[in-house]
Amino acid sequence: MKFTLLSLLFIMALFPFAACDDDSSGSKPAPSPTLSTVDVAPSYYDTDDTALISEVTVTINDEDGNPMAGRFVFLHLSETDVTSDSTEVMTDEEGLATFRLSTGSLTETSITAYVGAQTGLTQETAVALDGTAVATFTMGVSGRLVDALAYTHLNGLFSMNIEVEDSLGGVEAALITVTPPETITLDATEATTDATGAAAFEATTAVTGIQTVDVEVAGIDHVFAVDLGFIGPMIGGNVSLGMSYPYFANPRAGAMAIRINETTGFEILGQLPGGSIIYDLPETGPWVSFLPIVPDSSLLTRDTDSAMDVGIFILTIFNDSNDNGVHDQGEAIIASKSSDGVLVFLAPDDPEGAPLAGWGFLDALEENPTLLDWDTTHLDLNMTVYGAPVREPFVEGSVAGPPADNRRTTWYVIDSVAFFEAAQAGNPFSVLLDPLASEVVLDAPIEADSTFSATAINPLEVLDAATINAWKYNMNMGGGETLSQLLILPVYYVDEDLSGDFNTGDTLSGFTRPPVGVEYNVSYILQYPLIYSLMSADQLWMHHGYNWWASPMDREVVTIAANGGNYDLELDDTLPTGWVDVDFVIRPADADEDATPVAVGTFSTAGTEFITTSTCTGCENATAGMKLVITENYERTEFLDWAGAFNLGPFN
């Protein structure tokens, strides 16, 4: 085509109009640094890239908030170990530019976004959006023990899960490497997580407690320290209350290791670690505890006859007074179990030939005991509280004797040294008038119907430590064991001067009134041999605090002579009058309460030191110096519950 002059003039004539139209539209819109945004998605672990990924979306808007397409965006990252899949991205029709960040570190990076109209931008030629965003790259690795597959005398076999999690939840198909400590053996050190993010291992260990394994995830340059708690078998049962007014201080389950010694009986070796607080006492409540996988060797005894190491453990409930999780000297054992579930640990040299290897239960501590079934026993180890301290018992009873107005009962804690000195002088009750040798712990009026009731005060709250130490009475129990107690003297009197306390001029009227042939004693036990708590599990027995016990009365036989079909005995002290056909036994002077008696029979009294038997089997074998024990009501010493009636009567 040829351009004519006319055509050229026409084009030149249009050009000014075209330029004028472009100018009339104003300058092109520019990106707004304040209205544009940078959004960072939570990071996740990509198993294909073996890296942590976070997506960053930059939205470019103009000053009116409208998206701007065709603009070029690049990111500046503060951390060099975080990389982007693109150096520069052009915004789409919605003004969006998307970047994919990845790293092998647990880190975070600050992000500054830049935008410009042309590619090849730099920080000097581009516009920085206001503010910075932060991309955080994180993941979690944890562990848990699903179950203990088996316990032996050497170790425990556990099913262990290692779990990998990112912001989306459990990570499937993550390759992990586990490095255990020397105390743990694993069936494998590498595994791939399943759909829930878990990888299963079997772990074998003999060490109880928290142990740490190191876990690495493919592509991540971080070592995750995972703590796992390895525990031994669970045991438990119920605790019930068998005594009145018990004092509880953090009751906790525990087990005492003992050794059977043919010379001294039972020897306490120490306590198994562990044990849990028991709640809901004094109501009946459950207890559970976990044994160590393998007990410490110091708690085991070598049995050369059976070629094995043996551990015998008495299950207990004790007052953890200082709440430190272990039994300390002086803390009361309030319940124990020494039958129908004696805990043992057997480590035989030849486990194949042994009836048991590891933890088990015996029916009793005796020769050739029966092995109990674990499944039916380990959570049925019930105990009854018979040994809790009694700090402030509620006492009620009656008074026998001549009726009188203004009668009162008063219980004194007394200076044992002063009391015995006064007894030697013929007036043991003189200490009651000496404020330096006695302190009232119970005082109550005797009602018109001859009954009384009151709560005894805890002596530890009214006596200072120096007084307690000076007044206490120590008894040598043999084997280096000592029983330490405060003596309690209950009396009743006529308050002649209506002062409300016993003093000179008042009439001392009576003492305890036990059944025929019984002596009552009251004391406040400060400390006693621990082994007594372990081996007196099925009855109310000696315990810290207030104790009330009944002992069969005994007398020494001075002479014994046949009298027809019966026998005349002279005793070393008188007996009250009026006893008829009262049961007795005769034992050697040094025999204990459970020894087989030499003779058994009945007798009556006339208020002197002479008695004649009504019946007697074996009296021909009795000799002077033996001990006549009156068994009419109690064959042996028994500790009584404070819920019973505590009766007082006139002096003999």
Side-chain angles (χ1 to χ4, degrees), residues 148 150-157 182-183 185 204-209 230-235 254-275 289-316 326-327 329 333 336-378 381 477-481 529-538 592 594-595:
Y151 292 101
T152 72
H153 63 298
L154 298 175
N155 49 49
L157 179 62
E182 293 182 354
T183 52
T185 301
T204 303
T205 184
V207 177
T208 310
F230 293 88
I231 57 176
M234 182 173 69
I235 57 175
M256 294 293 176
I258 67 169
R259 176 187 292 137
I260 300 176
N261 189 307
E262 294 181 357
T263 303
T264 60
F266 295 100
E267 176 187 357
I268 298 175
L269 301 180
Q271 180 193 355
L272 278 179
S289 187
F290 289 91
L291 301 172
I293 299 169
V294 176
D296 188 89
S297 60
S298 65
L299 304 180
L300 305 179
T301 301
R302 184 66 181 175
D303 186 342
T304 55
D305 293 337
S306 57
M308 68 172 65
D309 294 326
V310 178
I312 302 174
F313 303 91
I314 302 298
L315 299 174
T316 68
V326 297
H327 180 268
Q329 184 177 3
I333 290 181
S336 62
K337 188 170 185 63
S338 56
S339 63
D340 298 325
V342 178
L343 182 64
V344 294
F345 184 88
L346 304 182
D349 295 345
D350 178 18
E352 297 297 327
L356 172 69
W359 290 109
F361 295 104
L362 305 179
D363 63 338
L365 285 176
E366 58 186 18
E367 293 291 333
N368 302 315
T370 300
L371 186 64
L372 301 178
D373 178 67
W374 176 275
D375 292 336
T376 58
T377 305
H378 78 290
L381 301 168
M477 307 300 289
E481 300 284 6
L530 189 62
I531 196 68
Y532 288 5
S533 300
L534 300 180
M535 308 316 297
S536 303
D538 57 354
D592 61 32
D594 295 321

Can you find a pair of side-chain heavy atoms, one from P233 and one from H378, that are under 4.5 Å apart? no
Is any side-chain heavy atom of V310 closer than 4.5 Å to one of V344? no
Minimum-distance pair of heavy atoms, taken over all atoms of G275 and S289: CA-OG, 3.3 Å
Output for pair (D349 CG, D303 CG), nearest 0.5 Å, gives 10.5 Å
So which atom in F230 and which in V207 form the shortest heavy-atom distance, rounded to 0.1 Å? CB-O, 3.8 Å
Rounding to 0.5 Å, atoms CD (E267) and OG1 (T301) come to a distance of 8.0 Å
Non-hydrogen side-chain atoms of L299 and F345 separated by less than 4.5 Å: no
Between G358 and H153, which heavy-atom pair has the shortest distance, and what is it? N-CB, 3.5 Å
Do any N or O atoms from the side chain of Y151 and from the backbone of G232 form a donor-acceptor pair under 3.5 angstrom? yes
Which atom pair, heavy atoms only, marks the closest approach of P351 to A357? CB-CB, 4.1 Å
Does the side chain of N155 come within less than 4.5 Å of T205's, by heavy atoms? no
Residues L272 and P295: closest non-hydrogen pair is CD2-CB, 3.9 Å
Report the distance from atom CG of L362 to atom CD1 of I312, rounding to the nearest 0.5 Å. 7.5 Å
Ring-plane angle category for W359 and F313, please: parallel below 30°, perpendicular beyond 60°, tilted otherwise. tilted
Walk me through it: do L381 and L343 pass the test side chain to side chain contact (heavy atoms under 4.5 Å, CB included)? CA-CA 10 Å; L381 301 168; L343 182 64; over 6 Å; no
Any idea which heavy atoms bring L269 and S298 closest together, and the distance? CD1-O, 4.1 Å
Distance-only, no hydrogens or angles: does the T370 side chain make a donor-acceptor pair with backbone N or O of D363 under 3.5 Å? no
Nearest-0.5 Å distance, CG of residue L372 to CG of residue D340: 7.5 Å
With heavy-atom distances below 4.5 Å as the criterion, would you say the side chains of Y532 and I333 are in contact? no
Interatomic distance, I260 atom CD1 to E366 atom CD [nearest 0.5 angstrom]: 10.5 Å
Are D309 and S297 side-chain neighbours, meaning at least one heavy-atom pair lies under 4.5 Å? no
A side-chain contact here means heavy atoms from C-beta on lying under 4.5 Å apart; do I314 and L365 qualify? yes
Counting C-beta onward and ignoring hydrogens, is there a side-chain heavy-atom pair between L530 and H327 closer than 4.5 Å? yes
Rounded at 0.5 Å granularity, tell me how far CZ in R259 sits from CD1 in I268. 12.0 Å
